[in-house]
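To start, the structure itself, in structure tokens.
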Amino acid sequence: METGTIPLADLAGGMDLYRTLESGQTYLWRREDGEMYRTEPAPGTWYSTVVDGEVIRVRTADGRLEWQSTTDAEPTVRRLLRLDDDLEAIVDAAPDDPLLREAYEAHRGMRLVTDPAFGCLISFICSAQMRVSRIHGMVSTLAREYGTPLDVDGRTYYAFPTPEQLATATEAELRELGLGYRAPYVVRTAEMVADGEAHPAEARNLEYEAARDYLCQFVGVGDKVADCVLLFSLGFDEAVPLDTWIKSAIEDYYPDCDRGSYAATSRAIRDRLGGEYAGYAQTYIFHHLRTGE
DNA sequence: GACCAGGTAGCAA
DNA sequence: TTGCTACATGGT
């Protein structure tokens with residue numbers, strides 16, 4: 001394993017690995033004590049993921065972010081965890097409203113993530129009407145059942161399945177694995193990508209609302225899931241997924257932003273939350289309200 | 001035993 | 001376009 005360290009002091013605005021990886025943005029990392037979404041991790045607990053066939057582990061200890069990987073992964077770690085974001089500047093530039101200030105203050109160091117597009121897409125198809133801990137469980141199950149296992153230093157890691165691997169699954173199998181009514185959505189979307197009909201990464205080159213419409217062609221993907229993929233994978237920091245929590249925030253804190261339709265409400269709340277980095281603001285508000293912390 | 005969870009598809013008006 | 005409703009499943 002190759003290793004490296006990055007001083008947390010070099011990361012403007014800090015880095016809270018726990019809040020970043022356990023705030024319901026990404027379901028593609030696993031905590032090596034197996035207690036993800038149940039308890040706070042002990043200091044120095046490792047998280048791991050697999051990207052492009054390479055195992056990557058990260059943890060924070062002694063004021064540093066440490067990584068280990070089967071390859072030189074520092075550029076990948078920087079990308080996945082958005083270490084080059086100037087979080088301090090993002091927070092300072094955010095609109096000065098009470099809820100947002102409170103959320104940013106309560107969760108200092110939480111960063112957005114960059115997930116691989118296909119894994120992110122499937123994760124959020126699974127997320128419909130589901131608690132974050134169970135979404136994580138489903139995604140882990142898909143990796144274990146259909147992904148490529150990698151044995152490194154006596155541990156087995158599972159890559160999230162490729163579109164081709166996941167397209168071999170049947171609806172019945174996925175129902176058996178507890179995906180419920182999402183099972184056919186996952187199979188059909190995997191088939192669409194495997195067949196070359198469309199690929200979520202294609203949306204990266206489009207204008208924001210066109211990108212959202214593009215993603216909605218996948219089965220099981222509506223406006224909200226599309227916004228999650230844009231925000232957590234494709235670099236659209238202005239995307240504001242309108243989920244149950246942000247809708248309650250709109251009702252309680254930004255009632256004038258409720259414009260009826262998803263598209264119109266989305267534009268209004270995006271402007272209210274600062275436009276360019278509205279998705280950052282949304283993620284903090286989501287986590288703040290959902291955890292009650 | 002309701003009620004809820006990072007909603008969407010399908011259909012009617 | 002907008003407004004229902006059915007859809008699985010596990011935790012509280």
Side-chain angles (χ1 to χ4, degrees), chain A residues 19-29 35-39 103 107 110 112-113 115 119-142 169-192 198 200 209 212-234 236 239-252 258-267 269-270 273 278-293:
Chain A
R19 289 192 163 84
T20 299
L21 297 180
E22 301 195 42
S23 51
Q25 306 176 54
T26 174
Y27 301 95
L28 300 175
W29 290 80
E35 294 295 303
M36 209 157 172
Y37 292 112
R38 283 201 277 272
T39 59
H107 303 288
M110 183 172 82
L112 286 184
V113 298
D115 270 354
C120 183
L121 179 66
I122 297 298
S123 296
F124 281 95
I125 287 173
C126 290
S127 77
Q129 296 292 102
M130 199 51 57
R131 285 184 172 79
V132 293
S133 58
R134 287 196 61 208
I135 301 165
H136 187 260
M138 286 182 181
V139 173
S140 300
T141 298
L142 291 178
T170 65
E171 176 182 336
E173 285 173 359
L174 296 189
R175 283 183 185 273
E176 197 65 27
L177 293 173
L179 267 73
Y181 63 79
R182 302 153 199 80
Y185 302 163
V186 168
V187 174
R188 291 173 65 187
T189 289
E191 287 171 348
M192 288 175 73
E209 290 194 2
R212 195 171 63 198
D213 290 342
Y214 178 87
L215 292 178
C216 285
Q217 76 184 286
F218 294 106
V219 183
V221 178
D223 289 319
K224 185 270 169 185
V225 167
D227 268 331
C228 287
V229 177
L230 294 177
L231 181 61
F232 302 131
S233 176
L234 301 180
F236 288 83
V240 177
L242 302 183
D243 61 82
T244 52
W245 291 99
I246 201 69
K247 282 178 182 171
S248 83
I250 290 171
E251 190 177 333
D252 295 344
D258 183 356
R259 305 295 167 85
S261 76
Y262 188 101
T265 302
S266 172
R267 288 184 206 113
I269 192 66
R270 184 160 71 250
L273 295 180
Y280 242 108
Q282 189 274 2
T283 300
Y284 271 81
I285 290 172
F286 169 84
H287 186 59
H288 183 53
L289 294 178
R290 189 183 71 81
T291 61
E293 293 170 3

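- Spacing of P atoms, B:dC3 relative to C:dA6, comes out at 15 Å, to the nearest Å.
- Computed from coordinates, the A:D243 CG to B:dC4 C1' distance equals 14 Å when rounded to whole Å.
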side-chain contact (heavy atoms from CB on, under 4.5 Å) between A:V240 and A:D227, worked out: CA-CA 6 Å; A:V240 177; A:D227 268 331; 5.8 Å; no
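- In this structure, A:R182 reaches the bases: a heavy-atom distance under 4.0 Å links it to at least one base atom across the strands shown.
- In this structure, the side chains of A:E22 and A:W29 stay at 4.5 Å or more apart for every pair of heavy atoms.
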Which atom pairs link the protein and nucleotides 9-13 of chain B when you take only N or O atoms and keep those under 3.5 Å?
| from | atom 1 | to | atom 2 | distance (Å) |
| --- | --- | --- | --- | --- |
| B:dA9 | OP1 | A:G220 | N | 2.9 |
| B:dA9 | OP1 | A:V221 | N | 3.4 |

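- If you measure from atom CD of A:Q282 to atom P of B:dG6, you get 12 Å, rounded to the nearest angstrom.
- For A:R270, the salt bridge (Lys or Arg N to Asp or Glu O under 4.0 Å) criterion is met by A:E209, not counting sequence neighbours.
- The stretch residues 119-129 of chain A touches DNA chain B through A:F124, A:S127, A:A128, A:Q129, each having a heavy atom under 4.0 angstrom from the strand.
- The distance from atom CG of A:L242 to atom P of B:dT8 is 10 Å, rounded to the nearest whole Å.
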All N/O contacts under 3.5 Å from nucleotides 10-12 of chain C to the protein, with atom names and distances to one decimal?
| from | atom 1 | to | atom 2 | distance (Å) |
| --- | --- | --- | --- | --- |
| C:dG10 | O4' | A:R134 | NH1 | 3.2 |
| C:dG10 | N2 | A:R131 | NH1 | 2.7 |

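- Nucleotide C:dC7 holds its P atom 18 Å from the CG atom of A:L179, rounded to whole Å.
- A:T283 pairs in a side chain to side chain contact (heavy atoms under 4.5 Å, CB included) with only one of the listed residues (A:I246, A:V113, A:L112), which is A:L112.
- Every residue was checked against the ring-ring contact (aromatic ring centres under 6.0 Å, His included) condition with A:Y262, not counting sequence neighbours, and none meets it.
- The CG-P distance, from A:L177 to C:dA8, rounds to 15 Å in whole Å.
- Protein atom CZ of A:R290 is 17 Å distant from nucleotide atom P of B:dC4, rounded to whole Å.
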Contact list (N/O, under 3.5 angstrom) for nucleotides 1-4 of chain C vs protein:
none

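- For A:R38, the salt bridge (Lys or Arg N to Asp or Glu O under 4.0 Å) partners at least two apart in sequence or on another chain are A:E35.
- Checking A:V186, A:D115, A:V229 one by one against A:L121, the side chain to side chain contact (heavy atoms under 4.5 Å, CB included) holds for a single residue, A:V229.
- Rounded to whole angstrom, the span from the CG atom of A:D115 across to the C1' atom of B:dG6 amounts to 14 Å.
- With centres under 5.5 Å and a plane angle under 30°, the ring of A:F286 is stacked against the base of B:dG6.
- Within the structure, every pair that satisfies the salt bridge (charged side-chain N to carboxylate O under 4.0 Å, His left out) test and touches residues 170-186 of chain A, not counting sequence neighbours, is listed here: A:E171-A:R175.
- With sequence neighbours left out, A:Q25 forms a side chain to side chain donor-acceptor pair (under 3.5 Å) with A:S23.
- For A:S123, the side-chain contact (heavy atoms from CB on, under 4.5 Å) test picks out A:Y27, A:L28, A:V139, with sequence neighbours left out.
- Partners of A:D223 by salt bridge (Lys or Arg N to Asp or Glu O under 4.0 Å), not counting sequence neighbours, listed by chain and number: A:R212.
- A distance of 6.0 Å separates CZ of A:F124 from NZ of A:K224, quoted to the nearest 0.5 Å.
- Residues in residues 284-293 of chain A take part in these side-chain hydrogen bond (donor to acceptor under 3.5 Å, both in side chains) pairs, two or more places apart or across chains: A:E102-A:H288.
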